[in-house]
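These figures come from a predicted structure and were not determined experimentally. Atom set for the values below is all heavy atoms of this structure, side chains included, hydrogens, waters and symmetry mates excluded.
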Amino acid sequence: MAKSVVIDLVDVAKVYDGAIPTRALDKANLRIEAGEFVAILGPSGSGKSTLLHLLGALDTPTEGTVSIVGEDISKLDDDGLARLRGQHLGFIFQFHHLLPDFSALENVLMPAFAVTGTPTKDQIAEAMSVLERVGLKGKEKNRVTNLSGGQQQRVAIARALMGGKTIVLADEPTGNLDTENGKEVFRLMREFNKDDGVTFLVVTHDLALAMYADRIVHVIDGKIASDHPNDPMPLDG
């Protein structure tokens, strides 16, 4: 049975205006099916960040179409884009963007605070469950500044997965971590990918970590230079 397509880019270009217009992405075509774990590789300035902004409905293309869970993002207004992101998209960043004055639990609940002002009992229970799954049981009430860098990134993973997200976009999620913590972050993401069917797109410059993905996409000079399946290395632990 064919899997559903959750992301579809067709002849996508992104041009930034200026004294000299910059073509950051050029004729990109990319189709991602539900449940895939994809690594996106490329040097600095290759267009990876532009691609990720489009995949996250944070920007719209100059040319071509970007469809996320069947919706053409160019046809959505700001409210529609916010709804799409809130329902389907989770984000993990190199700099985790946690709120330092709040606990791990409160940070994971931030998306709920933003929507309803007060999280429900079910949302609190979900947040507690996700924190336990990322190995932070007993640390829910700790201020994030009292957690290690690896633990803070686990909080960021838990926050990205709140609400049963369809797709998680991770931008250099291991960039500030040592090798072992970086591998642990990949292991956790793969666990949610396999157990919950969450689709992951992970931007990284680390080829060794990319080898844990099912598919590797290379972006060079604003173009998708290669896109091929990968036999992932096993992640212990």
Side-chain angles (χ1 to χ4, degrees), residues 1-10 12 25-56 66-69 88-94 130 133-135 150 153-154 156-158 160-161 164-237:
M1 183 176 177
K3 292 185 177 181
S4 61
V5 175
V6 293
I7 290 176
D8 196 12
L9 277 68
V10 180
V12 168
L25 208 60
D26 187 24
K27 296 296 181 183
N29 291 276
L30 185 67
R31 176 171 286 191
I32 307 293
E33 293 183 345
E36 288 198 85
F37 194 105
V38 182
I40 300 174
L41 285 168
S44 296
S46 63
K48 301 191 306 296
S49 294
T50 298
L51 177 61
L52 204 68
H53 281 125
L54 293 170
L55 296 175
V66 176
S67 296
I68 300 172
V69 292
H88 295 287
L89 297 167
F91 300 88
I92 305 168
F93 304 97
Q94 176 178 356
V130 178
R133 288 182 65 185
V134 299
Q153 196 62 305
R154 294 187 198 191
I157 292 171
L161 289 159
K165 296 296 191 293
T166 309
I167 303 160
V168 170
L169 305 171
D171 189 5
E172 299 283 4
T174 64
N176 283 335
L177 303 176
D178 60 31
T179 301
E180 283 306 308
N181 275 307
K183 186 176 177 182
E184 176 64 12
V185 163
F186 257 73
R187 189 191 69 77
L188 287 169
M189 292 191 297
R190 289 251 46 170
E191 184 178 297
F192 283 97
N193 167 247
K194 290 178 178 179
D195 293 349
D196 297 30
V198 179
T199 305
F200 279 83
L201 287 90
V202 184
V203 167
T204 180
H205 64 270
D206 190 333
L207 179 58
L209 287 175
M211 295 306 293
Y212 296 119
D214 298 318
R215 179 176 170 189
I216 299 175
V217 175
H218 285 266
V219 181
I220 299 174
D221 295 333
K223 297 180 182 293
I224 293 179
S226 66
D227 180 356
H228 58 83
N230 178 60
D231 185 11
M233 294 173 57
L235 278 159
D236 300 323

Provide the closest heavy-atom pair for G35 versus T199 in the form atom of the first, atom of the second, distance. N-OG1, 2.8 Å

N230 and M211 have their tightest heavy-atom pair at ND2-O, 3.0 Å

Please determine whether side chain to side chain contact (heavy atoms under 4.5 Å, CB included) holds for the pair F186 and V202, giving the CA-CA distance in whole Å, both sets of side-chain angles, and the decisive distance to 0.1 Å. CA-CA 9 Å; F186 257 73; V202 184; 3.8 Å; yes

Please walk me through it: do D196 and K165 pass salt bridge (charged side-chain N to carboxylate O under 4.0 Å, His left out)? CA-CA 10 Å; D196 297 30; K165 296 296 191 293; over 6 Å; no

Kindly indicate whether the side chain of E184, heavy atoms from C-beta on, has any atom under 4.5 Å from the side chain of R154. yes

Taking it one step at a time, do F200 and F192 satisfy side chain to side chain contact (heavy atoms under 4.5 Å, CB included)? CA-CA 9 Å; F200 279 83; F192 283 97; 4.2 Å; yes

As an exercise, state the distance from CG of L30 to CG of L25, rounded to the nearest 0.5 Å. 10.0 Å

Donor-acceptor pairs under 3.5 angstrom involving side-chain atoms of residues 218-228: please list them, not counting sequence neighbours.
from	atom 1	to	atom 2	distance (Å)
K223	NZ	D26	OD2	2.6
D227	OD1	R215	NE	2.8
D227	OD2	R215	NH2	2.8

State the CD1-CG distance between I216 and L207, to the nearest 0.5 angstrom. 6.0 Å

Can you list the steps and then say if R133 with L161 is a side chain to side chain contact (heavy atoms under 4.5 Å, CB included)? CA-CA 11 Å; R133 288 182 65 185; L161 289 159; over 6 Å; no

Looking only at atom types and distance, does a side-chain atom of K48 sit under 3.5 Å from a main-chain N or O of P43, one as donor and one as acceptor? yes

Atom pair CZ (F91) and CG (L55), whose distance is rounded to the nearest 0.5 Å: 9.5 Å

Work out which heavy atom in I167 is nearest to a heavy atom in L169; give both atom names and the distance. CG2-CD2, 3.9 Å

With rounding to the nearest 0.5 Å, note down the distance linking CZ in R190 to NZ in K183. 13.5 Å

Taking the side chain as every heavy atom from C-beta outward, state whether V6 and E33 have any pair of such atoms under 4.5 Å apart. no

Check whether any side-chain heavy atom of D214 lies under 4.5 Å from a side-chain heavy atom of E36, and answer yes or no. no

Check whether any side-chain N or O of N193 sits under 3.5 Å from a backbone N or O of V198 as a donor-acceptor pair, and report yes or no. yes

Within this structure, what is the CG-CD1 distance for the pair D171 and I92, rounded to the nearest 0.5 Å? 10.5 Å

Take L9 and L51 through the test side chain to side chain contact (heavy atoms under 4.5 Å, CB included) and record every step on the way to the result. CA-CA 10 Å; L9 277 68; L51 177 61; 3.5 Å; yes

For residues A213 and P232, report the shortest heavy-atom separation together with the two atoms involved. O-CB, 3.5 Å

Calculate, to the nearest 0.5 Å, the distance between atoms OG and CG belonging to S49 and L54 respectively. 11.0 Å

